Amino acid sequence: MPVTPEPPRHPQLAVSASIFRDGRVLLVRRARSPGKGFYSLPGGRVEYGETLEAALAREIAEETALTVSISGLAGWREVIPAPTNAGHYVILSFAARWIAGDPVLNDELDEAVWVAPEAVGDFKVTEGLPDIVAAAYALIGS
């Protein structure tokens, strides 16, 4: 019988980015748990010794193959463990501008869409995402 690893007993640091191109923001749909079926932003865990910007550039490249320019920190959110979710994450979310590439998704994602920032709430999104995207949009000035 396989042994399930014990979840970490400390919060994990993660990064994400609202990537803007021609006035639209990129949403990606998660193909696996946690978050399966929800639209969110590209991103993931920060590895030991990695700067936040390096982690963000790496995660965006791994998940979408896009090249971006990071504009600044747009906000943060915290995901607290619940009985069905063993992860505790602190997610720092940045605003970024698209530089090059078309989304090429890895196996963690199954869809990517460019949408107007005000339309984010029309999708099945992770908690707090419309507010994070609005803050990022305000930060980059459109």
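A quick note: this is a predicted structure, and the numbers were derived from the prediction, not measured. By convention here, the first residue in the shown sequence is residue 1.
If you check the side chains of Arg30 and Ser40, you find a donor sitting under 3.5 Å from an acceptor.
Side-chain heavy atoms closer than 4.5 Å link hydrophobic residues (I, L, V, M, F, W, Y) into clusters, and following such links, possibly through other members, connects Val15 to Trp76. One hydrophobic cluster holds both Leu129 and Val25 under the rule that ILVMFWY side chains link at heavy-atom gaps under 4.5 Å.
When all heavy atoms of Arg21 and Asp102 are compared, the pair lying nearest together is NH1-OD1, 3.4 Å. Taking every heavy atom of both residues into account, Pro103 and Leu26 meet most closely at CG-CD1, 4.2 Å. The shortest heavy-atom contact between Ala95 and Ile140 is CB-CG2, 3.5 Å. Looking at every heavy atom in both residues, Ala96 comes nearest to Ala17 through CB-CB, 4.3 Å. Across all their heavy atoms, Asp110 and Leu105 have their closest contact at C-CD1, 3.8 Å. Between Trp98 and Val68, the closest heavy-atom pair is CA-CG1, 4.4 Å.
In summary, of the residues considered (Glu78, His10, Gln12), a side chain to side chain donor-acceptor pair (under 3.5 Å) with His88 occurs for Glu78 alone.
At least one side-chain heavy atom of Leu52 sits under 4.5 Å from a side-chain heavy atom of Val46. At a threshold of 4.5 Å between non-hydrogen side-chain atoms, the residues Val113 and Phe123 count as touching. Between Leu41 and Val133, the closest side-chain pair of non-hydrogen atoms falls below 4.5 Å. Contact check for Pro42 versus Glu59: no side-chain heavy atoms found under the 4.5 Å cut-off. Counting heavy atoms from C-beta on, the side chains of Leu139 and Phe94 never come closer than 4.5 Å.
Using a 30° and 60° split on the angle between ring planes, Tyr137 and Phe20 fall in the tilted class, from 30° to 60°.
Atom CG of Asp22 has 12 or fewer neighbouring heavy atoms from other residues, nucleotides or ligands inside a 6.0 Å radius.
The stretch residues 116-130 participates, sequence neighbours left out, in no side-chain hydrogen bond (donor to acceptor under 3.5 Å, both in side chains) pair at all.
A salt bridge links Arg32 to Asp107: one of the charged nitrogens lies within less than 4.0 Å of a carboxylate oxygen.
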Report task. Begin with the C-alpha distance, continue with both residues' side-chain angles, and end with the deciding distance and a verdict on side chain to side chain contact (heavy atoms under 4.5 Å, CB included) for Arg77 and Val79. Result -> CA-CA 7 Å; Arg77 78 180 282 271; Val79 178; 3.2 Å; yes

Requested in this report: Report the C-alpha separation of Leu13 and Leu92 in whole Å, then their side-chain angles, then the decisive distance to 0.1 Å, and conclude whether the side chain to side chain contact (heavy atoms under 4.5 Å, CB included) test is met.
Outcome: CA-CA 8 Å; Leu13 182 60; Leu92 301 179; 4.1 Å; yes

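Asn106 contributes a side-chain N or O that, together with a main-chain N or O of Glu62, makes up a donor-acceptor pair within less than 3.5 Å.
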